[in-house]
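Every number for a ligand or one of its atoms is a count from 1 in the order of the listing.
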Amino acid sequence: MFDPTPILAGDRHALARLLTQIENAEVSAAEALAALFAQTGRAHVIGVTGAPGCGKSSLVNALARVLRRAGRTVAIVAVDPSSPFTGGALLGDRLRMRDLAGDPGVFIRSTASRGALGGLARTTADMAAALDAAGFEKILIETVGAGQAEVDIASTAQTVLVIEAPGLGDDVQAIKAGILEVADVLVVNKADQPNAENAVRALRGLIEMAAEGRAAPETAGWKPPILQTVATEGRGAEELATAIEQHRDYLLSSGVMHTRERQRLRHELTARLRDLLLDKLVTRLGDGHFEMAVEKMLARELDPGSAARQLARDA
Ligand SMILES: Nc1nc2c(ncn2[C@@H]2O[C@H](COP(=O)(O)OP(=O)(O)O)[C@@H](O)[C@H]2O)c(=O)[nH]1
Ligand SMILES: [Mg+2]
């Protein structure tokens, strides 16, 4: 049986061990997360996303320092699936965050694993849950790029920061793919570089368009601010921390926090049920039936809809 006491008491080794188990999708991780679940739901999870090189790690570092000065405990999860073997980017992040190391109020973890089950988004969400249970007040999750995985990870976070930097290709072309719709705070980092104003202007235009396409009408009460920072000097980090706190206040006072949490749990339950039922069904069908259906579909003898209905009926 998993004993949650060390993690709840702030044992960093126990926490690190659990994060590794989560990363490797070990059975013991599921047991631990089940035992810790009642202690979750207290942390403020903040997603930080943007193109490689825009300054996410530097900004997370600057933000963590501001949060520490305000007496908050901070956990950082740097997710970089682009370098699973070399670990190059992760080493860079370690160096950048060196000045935070040794502070017992800070916990830093890098992960490149896509996870065996449920993928990167699942791993990240479970890591956030473990850090939440361990008592960290602010959890910063750094993710690269703007693919679907990043949008999924954004759904784990209550506040999503989208980072842009001037001169990274064609103005704000780095952010597309639906990431703007989930942005709660926009940051133009490297404001010490030329053309920062252009990036701000371009973002403002995109934000207006994205506002029209926003899925959830209850978010109408929040207009994502656009801030400028120079992460390497800590410039704008205080203002960013304030904007993040304002977003949390808005989520709480409007009831959106509650709505989103319910939605998130509903999604998670649906995804887990789907996985379980599919496993059960394939097991019950026995070997070959699934592949046989695929062969028939390949030969155009059977369409996917009918194949699924047949398999579900036969199971
Ligand atoms: N001039 C300038 N350089 C920055 C700023 N923020 C980050 N950098 C540099 O940009 C590079 C990429 O930063 P990093 O934080 O690793 O970006 P990430 O890939 O988004 O995590 C590093 O060489 C940083 O020192 C900034 O505000 N101004
Ligand atoms: Mg980084």
Side-chain angles (χ1 to χ4, degrees), residues 45-67 74-101 106-114 120 123-124 127-128 138-147 149-151 153-154 157 159-177 179-180 182-183 185-200 202-203 226-241 243-244:
V45 184
I46 300 150
V48 182
T49 192
C54 67
K56 295 178 297 298
S57 297
S58 310
L59 203 55
V60 161
N61 189 28
L63 200 52
R65 286 203 254 170
V66 172
L67 291 169
V74 182
I76 298 168
V77 182
V79 184
D80 193 345
S82 63
S83 59
F85 303 114
T86 64
L90 304 181
L91 180 64
D93 286 346
R94 284 256 165 76
L95 289 175
R96 206 154 300 126
M97 289 164 183
R98 193 172 38 192
D99 48 338
L100 290 170
V106 177
F107 192 94
I108 302 170
R109 176 75 181 213
S110 296
T111 179
S113 165
R114 287 205 167 269
L120 191 60
T123 306
T124 312
M127 282 189 168
K138 301 283 173 183
I139 301 174
L140 302 168
I141 303 180
E142 176 189 339
T143 60
V144 181
E150 283 67 39
V151 176
I153 287 164
T159 301
V160 176
L161 317 184
V162 173
I163 319 300
E164 183 59 49
L168 277 186
D170 190 10
D171 270 339
V172 286
Q173 58 106 260
I175 29 174
K176 280 177 189 157
I179 197 74
L180 263 188
V182 299
V185 177
L186 289 137
V187 178
V188 173
N189 186 43
K190 305 197 184 181
D192 54 331
Q193 306 277 58
N195 296 326
E197 282 301 331
N198 286 351
V200 170
L203 264 184
I226 306 175
L227 304 177
Q228 295 188 50
T229 56
V230 182
T232 39
E233 295 165 20
R235 251 163 65 196
E238 293 270 357
E239 291 80 358
L240 179 56
I244 291 169

Nearest heavy atom to atom 24 (C) of ligand 1, choosing from Ser58, Ser57, Ala51, belongs to Ser58
The atom of Glu142 among N, O or S that is nearest the Mg ion (ligand 2) is OE2
Sorted by chain and residue number, the side chain to side chain contact (heavy atoms under 4.5 Å, CB included) partners of Ala62 (sequence neighbours excluded) come out as Ala237
**Asked** Is Gly53 close to ligand 1, meaning an N/O of one under 3.5 Å from an N/O of the other?
**Response** yes
(request) Look at ligand 1 and say whether Gly50 reaches it with a heavy atom at a distance under 4.0 Å. (result) no
Quiz item: Just by modelled atom types, is the Cys54 backbone N or O under 3.5 Å from a matching donor or acceptor in the Asn189 side chain?
Solution: yes
Can you confirm, on distance only, whether ligand 1 has an N/O atom lying under 3.5 Å from any N/O atom belonging to Leu59? no
query = Distance only, no hydrogens: is a donor on one side chain within 3.5 Å (strictly under) of an acceptor on the other, for Thr49 and Thr143?
reply = yes
(request) Before giving the answer on side-chain contact (heavy atoms from CB on, under 4.5 Å), spell out for Lys138 and Ile46 the whole-Å C-alpha distance, their side-chain angles and the decisive distance to 0.1 Å. (result) CA-CA 7 Å; Lys138 301 283 173 183; Ile46 300 150; 4.0 Å; yes
Glu142 heavy atoms within 4.0 Å reach ligand 1 at atoms 21 (O)
Here the pair of heavy atoms bringing Leu227 nearest to Leu240 is CD1-CA, 3.6 Å
Numbered in order shown, the ligand 1 atoms found under 4.0 Å of a heavy atom of Asp192 are 1 (N), 2 (C), 26 (C), 27 (O), 28 (N)
Glu197 meets the salt bridge (charged side-chain N to carboxylate O under 4.0 Å, His left out) criterion, sequence neighbours left out, with none
Rounded to the nearest 0.5 angstrom, the CE-CD1 distance for Met127 and Ile139 is 12.0 Å
In terms of heavy-atom contacts, Lys190 and Ala196 come closest through O-CB, 4.5 Å
- Query: Going by distance only, is there an N or O of Ala231 that falls short of 3.5 Å from an N or O of ligand 1?
  - Reply: yes
N, O or S of Ser58 under 2.8 Å from the Mg ion (ligand 2): no
Worksheet item: What do you reckon, does Arg235 put a non-hydrogen atom under 4.0 Å from ligand 1?
Response: no
Within 4.0 Å of some non-hydrogen atom of Lys56, the atoms of ligand 1 are 15 (O), 17 (O), 18 (P), 19 (O), 20 (O), 21 (O)
